[in-house]
Amino acid sequence: MHTTKILTTAFITATPIAGATVTGEAAFTQPVIAHTMTTNMHAAAEDVAIRLTSKAGGRTWRGAIGDMITVSYLDRGSRESFTGALEAYREVSRNLATIKVAGANGEARTFIVADILGIESAGGSESTPGQSTETTEPSNEAEANNSETTTRASEPADGEHKWGFPTNPGPDFEFLPRIFLLPIQGGVGEGTRHDEMKKIGEIADQYGNGQIIVLKVDSPGGMVVEADLIHETLKDIKRRHRLIAWVEEAISAAAYTSLHCNEVYFMKTGTLGSATMFAGGTAIDGEQLRQWVKKFGDVAEESGHPRAMAEAMVTNSEVVSYDPADGDNDPVVYDTLEGLLQLSTNEENLTINAADALACGFADGIADNEAELAELLRLPFWYETTDDGRVIHERWQKTLKQAEVEIPKLFMRAQGQLGATNDQRRNLNTQLRAVEGLISWANTLGNHTGAANGLSLEQLEEWRKTLQFQIQQLN
Amino acid sequence: MMMPLKNTVTILLTGSCLALMPAIPSQAGSAAGDKTTANDVPDGDQLPSVYVVPLKGQMGTDIHEDTIDEVIEDIKAQPRRPDIVVLKINSSDFGRNFHLPQIDPSEFGMFALEAYRALVRNLHNNLPSDIQQVVWVEDSVGLATLLALSWCDMYMAPDARLYGLNNIFDVSQGWGDADVREKMEEAWEGIGRGFLNMGCLGQYARALGGAMMDPSKMLSADFKGREVVWRPDTDGEWVIDSDPEGVANFEATDSEDTLLCNGLAESIDDLLFLMGHREYELNTSGEELVETYMERWRKAYKNCYELLADMEAGRLRGDTQLELLNAQLNVWGGILSNMLRYGAVERRLEREIGLNIVSIELRIEQLKDQIRQIRDSDRGGGRVGGGGGGGISGGGGKGRP
């Protein structure tokens, strides 16, 4: 019942993408184009079961390609409908399916299934709630699951990169900004550094101002000194581009990093906060704490986030509560406990999760994958102009893994615990080469990451000189 | 049309059990269980296909993110795509007498929240969205409770527990400075609450999750019709936790009464009946896959300890130092191979005796070095000392296999 087709037709409609929480200039109604690189397509008199989302009561419409249907959907807040023959149903990706309906006047529209409020067959049968059993032939189902098409409804000019995302939204959406995604993973100062952020900023610069840079954050925090460099880097990037944090884990210095972004989206499991600064196991206090609290608050405020929340992440003494939106009013965040819901008392350090962050207005949305993020950003689908960010991340992570294995070996060689022979000169040369290897690693990793791996360039240089001297003594 | 598929059995809940079920759904499972081939299913009707994923045993080893990768691939590769995936949780750090830990502490769950988060996200995001995922808790004490709370549809066995999230609080208690300790507590609890956000409990993750993880936090509930409003205090209609030194734990009946779970089910039959399926087709592929993984990694783990014990006790074969060093090299090579094959082996050995892939690679390098030295000396007619490189160091002494 499922067949795989090569898609060659561009489907365009003016259906607004619902459910997004975007403000300002981004809040516009965009036409929708349905295309992707992996598509299960149903066409030509096949039976289909279209599973609608919760906004349609989780109903499943069952019928066949060619059936006359009326589709209800929201257009700028008002319920609209469109009647025509179901021409195609396509599972574009795991979270994105579309239907194409050909109207009586020759107009064809494509709807994103997630936007649909209801489907009614011309014969009167409606989508039915809660049904999950489908009558698909197993063999064809499996075939459809594994199917891949090689072309798209609207072929992106530059194709797709190895992560499987198209590189542009197609010729009909050339007005949309370029998108760059940089995963940042690991401790601030190790996996999370300003160097990679600077690189992705420079790559975005090549396309002019106004591009979108998404930082996909998964970091438990780390060094304040690196956080300061990140601060300068992101402040600079923000002058030219739209900076977005997409948070899985942003603890401590990673929370600080994320607060630089004007838009923050959470994954469902996302968490952000806990930014008490400490040194030697003791939290900072006095003037140093006051400055750090202020800095956190300033960064948050400059990015449009409530100062009270940022400050409560730094120190227990700052409290925060909020009143959620009530339909007429936006949520209100208080730097007292007068709000209906308390986020942090004076005995707590604030770490916020997805649902709370959305309810209090801190987060712009919750997206668990790129397709969901695209929807929130009001993009027709997820595309990445280049995969440079992912490549930069992958290379750096690989370097860190190599360092984890290589540096201990080099230390052992440098100390004569590995590679030793009965020949003293040979041994010293082995040690010298190992120290030079460590110096090379120290340069590759940079000051902070090198220090985290026990590498001090100054000490290594001393060590090298000593070994060189000992070798000379043997001559 | 029913198709004969490998690893599947069709289950029809018989009339006798149906008579019991509607009145007391949670007890009906005891009567359920007659399994017959559903050759009376009309042509064209397909029973829902149910794929069970056991999440049982030790968190972090038996329940491991690598297995879930395999499970997901297996589900996608099934000739008939499952309609329902049942995640059957049975993982307890404590026995039924809560005051006594498991006899073998090495079987306590591993503290690897990020790995568990990846596991949960993997199942949520990488299975086709039209496959319904439900959790059925047979018992959960420890970090497995986070998994249980990570799905919107959760059922429990009548004697199941949702206990033990104080682990998340406990891990921060080593910090001496009160402010730093609070930061660490909140960071880990924040990660923990993320699981509840995944499981449709986001609105109440702070109150409910906080009380389940942090002993100092209270929990009560108000009821508004069918909605339960969790409160981080004792002012609600139903006080769940008023003890400032203990976390909120839930018995199955409490979970059902507070709508934390969808219902109580004694068996898979019972569960499917509660979900509205009188008949279903059980796909056992996932159970076989998980059982095989558990059997294999535990065998590999035991093998590692046997190799280490032989080495420690001087039972390696060799008449010369060179032969002995080569025998040691084989031992470490064998352990490394087991670790590379099973992430669970590395996780377990690292916790117990401080061994990991990097440390073993270093040992192997050292041994190769010593072997080379001896060969060089032999060629030159002399001998050097050596013979180190064996033994176990780091970590807290040798554990039990």
Side-chain angles (χ1 to χ4, degrees), chain A residues 51 94-95 130 132-139 141-142 145-146 218 220-221 248-249 251-252 266-276 278 281-283 285 315-316 341-343 347-356 358-359 366 368-369 404-405 408-409 412 417-422, chain B residues 1 3 5 44-48 76-81 83-84 114 117 120-121 124-126 128-130 132 150 175-180 182-187 189-191 193-198 202-203 205-206 216 232 276 358-359 361-362 365-366 369 372-373 376-377 380 382 384:
Chain A
R51 195 186 180 111
R94 195 179 52 75
N95 290 302
S132 57
T133 50
E134 296 180 14
T135 53
T136 51
E137 288 292 337
S139 55
E141 179 82 10
N145 293 341
N146 296 326
D218 179 11
E248 174 162 19
E249 180 179 320
I251 299 296
S252 198
F266 275 63
M267 295 185 193
K268 281 181 189 161
T269 49
T271 184
L272 183 150
S274 288
T276 300
F278 65 97
T282 306
D285 57 11
T315 180
N316 299 357
L341 297 165
Q342 293 179 0
L343 285 174
E347 292 178 347
E348 294 171 312
N349 198 236
L350 175 62
T351 301
I352 195 160
N353 293 95
D356 274 338
L358 189 64
I366 299 172
D368 231 32
N369 50 50
E404 192 186 346
V405 176
K409 279 184 193 171
M412 288 181 81
Q417 294 168 4
L418 259 185
T421 67
N422 295 327
Chain B
M1 182 70 141
M3 295 186 65
L5 298 173
D45 284 348
Q46 268 196 317
L47 299 176
K76 288 178 177 172
Q78 291 302 307
R80 185 185 164 202
R81 178 189 279 186
D83 301 292
I84 300 166
E114 280 103 339
R117 185 175 63 198
V120 166
R121 289 180 52 78
H124 272 283
N125 285 322
N126 293 328
S129 58
D130 58 350
Q132 186 182 4
S150 296
W175 292 90
D177 184 282
D179 288 337
V180 178
E182 170 55 27
K183 168 203 173 104
M184 297 302 176
E185 281 172 17
E186 186 54 25
E189 286 173 27
I191 293 170
R193 288 195 302 266
F195 289 81
L196 278 73
N197 274 259
M198 200 70 171
Q203 190 185 353
R206 190 164 290 276
S216 68
V358 172
S359 68
E361 281 179 347
L362 279 174
E365 289 274 336
Q366 279 180 302
D369 219 43
R372 191 176 57 246
Q373 281 177 31
D376 287 350
S377 299
V384 295

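Below, chains carry the letters A, B, ... as their sequence lines are ordered, and counting in each starts from 1.
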Review point. What's the verdict on side-chain contact (heavy atoms from CB on, under 4.5 Å) for A/Leu358 and A/Phe266, showing C-alpha distance, side-chain angles and the deciding distance?
Key: CA-CA 8 Å; A/Leu358 189 64; A/Phe266 275 63; over 6 Å; no
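Heavy-atom distances place both the backbone and the side chain of A/Glu404 under 4.5 Å from chain B. No part of B/Ala205 comes within reach of chain A, as not one of its non-hydrogen atoms sits under 4.5 angstrom from that chain. Within the 4.5 angstrom heavy-atom criterion, atoms from both the backbone and the side chain of A/Glu248 approach chain B. The contact between A/Leu350 and chain B is made by backbone and side chain atoms together, counting heavy-atom distances below 4.5 Å. In this structure, chain B has no heavy atom under 4.5 Å from any part of A/Asp285. Proximity to chain B involves both the backbone and the side chain of A/Leu343, based on heavy atoms less than 4.5 angstrom apart. Interface residue A/Ala420: backbone and side-chain heavy atoms are both found under 4.5 Å from chain B. Contacts between A/Ile251 and chain B at a heavy-atom distance below 4.5 Å involve the side chain alone, from C-beta outward. Of the atoms belonging to A/Ala359, not a single heavy atom falls under 4.5 Å from chain B.
Counting heavy-atom neighbours within 6.0 Å of B/Glu114 CD, excluding the residue itself, gives a total above 12.
With chain A as partner, the option from B/Arg193, B/Glu186, B/Glu361 having the largest number of non-hydrogen pairs under 4.5 angstrom is B/Glu186. Heavy-atom pairs under 4.5 Å with chain A peak, among B/Arg372, B/Arg117, B/Met184, at B/Arg117.
Considering all non-hydrogen atoms of both residues, A/Lys268 and A/Ala354 come closest at O-CB, 3.7 Å. Here the shortest heavy-atom pairing between B/Leu362 and A/Pro408 reads CD1-CB, 3.7 Å. When all heavy atoms are compared, the tightest approach of A/Ala355 to B/Gln203 is CB-N, 3.8 Å.
For the 3.5 Å distance criterion, the side chains of A/Asn349 and A/Thr276 qualify, holding a donor opposite an acceptor. Residues A/Thr351 and A/Ser274 bring a donor and an acceptor atom of their side chains to less than 3.5 Å of each other.
In this structure, CG on B/Leu47 lies 9.5 Å from CG on B/Asp83, to the nearest 0.5 angstrom.
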